[in-house]
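Position 1 is the first residue of the sequence; numbering continues from there. Fair warning: this is a prediction, and the values are worked out from it, not measured in the lab.
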Amino acid sequence: MPMKILKGTVISNKMDKTVVIAVERVFQHPFYKKTIKTRKNYKAHDEENRCQIGDVVEIIESRPISKEKRWKVLRIIKEGEGQ
């Protein structure tokens, strides 16, 4: 089974070696046909603390690293403004 890869935006980097990624998903409701936008937050492992707020990153599924961390930062696609 291949590992999942998601693309999202860094919304927090206050923890050591951990970033919070917001992944947005747009889909159409099966019955009402309305476009729905949902957002889910994932905690991802960032070994070198390179990610800044606003960066667009790819995260990959991994073994459990801590209670809530099950993802690793694969690469930084686009650097944001940062704070």
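Residue Ile65 is found outside any hydrophobic cluster, as its side-chain heavy atoms come under 4.5 Å of no other Ile, Leu, Val, Met, Phe, Trp or Tyr. Applying the 4.5 Å side-chain rule to ILVMFWY residues, one finds Ile77 in the same cluster as Val56. Clustering of Ile, Leu, Val, Met, Phe, Trp and Tyr side chains at separations under 4.5 Å places Val23 together with Leu6, Val10, Val19, Ile21, Tyr42, Val57, Ile59, Trp71, Val73, Ile76. Listed by chain and number, the hydrophobic cluster partners of Ile36 are Phe27, where partners are ILVMFWY side chains within reach of under 4.5 Å, directly or through others.
Scanning for side-chain hydrogen bond (donor to acceptor under 3.5 Å, both in side chains) contacts around Thr9 gives an empty result, with sequence neighbours left out. Residues that satisfy the ring-ring contact (aromatic ring centres under 6.0 Å, His included) test with Tyr32, not counting sequence neighbours, are His29. Residues passing the salt bridge (charged side-chain N to carboxylate O under 4.0 Å, His left out) test with Glu58, sequence neighbours excluded: Arg75. With sequence neighbours left out, the salt bridge (charged side-chain N to carboxylate O under 4.0 Å, His left out) criterion links Arg50 to Glu48. Shown here are the salt bridge (charged side-chain N to carboxylate O under 4.0 Å, His left out) partners of Glu68, two or more places apart in sequence or in another chain: Lys43.
Around the CD atom of Glu79, the shell of radius 6.0 Å holds no more than 12 heavy atoms that belong to other residues, nucleotides or ligands.
One finds the NZ atom of Lys4 at 12.5 Å from the OG atom of Ser62 (value rounded to the nearest 0.5 Å). Note that the CE atom of Met3 and the CG atom of Leu74 stand 10.0 Å from one another [nearest 0.5 Å]. Note that NZ of Lys72 and CZ of Arg63 are 6.0 Å apart. Values are rounded to the nearest 0.5 Å.
Residue pairs meeting the salt bridge (Lys or Arg N to Asp or Glu O under 4.0 Å) criterion with at least one partner in residues 10-39, sequence neighbours excluded, are Lys17-Glu47. Within the structure, ring-ring contact (aromatic ring centres under 6.0 Å, His included) contacts touching residues 1-23 (residues at least two apart or in different chains) do not occur.
For the pair Ile11/Asn41, a side-chain contact is recorded, criterion being any heavy-atom separation below 4.5 Å from C-beta on.
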Inset, instruction - Before giving the answer on side-chain contact (heavy atoms from CB on, under 4.5 Å), spell out for Asn13 and Asn49 the whole-Å C-alpha distance, their side-chain angles and the decisive distance to 0.1 Å. - result: CA-CA 8 Å; Asn13 63 349; Asn49 287 322; over 6 Å; no
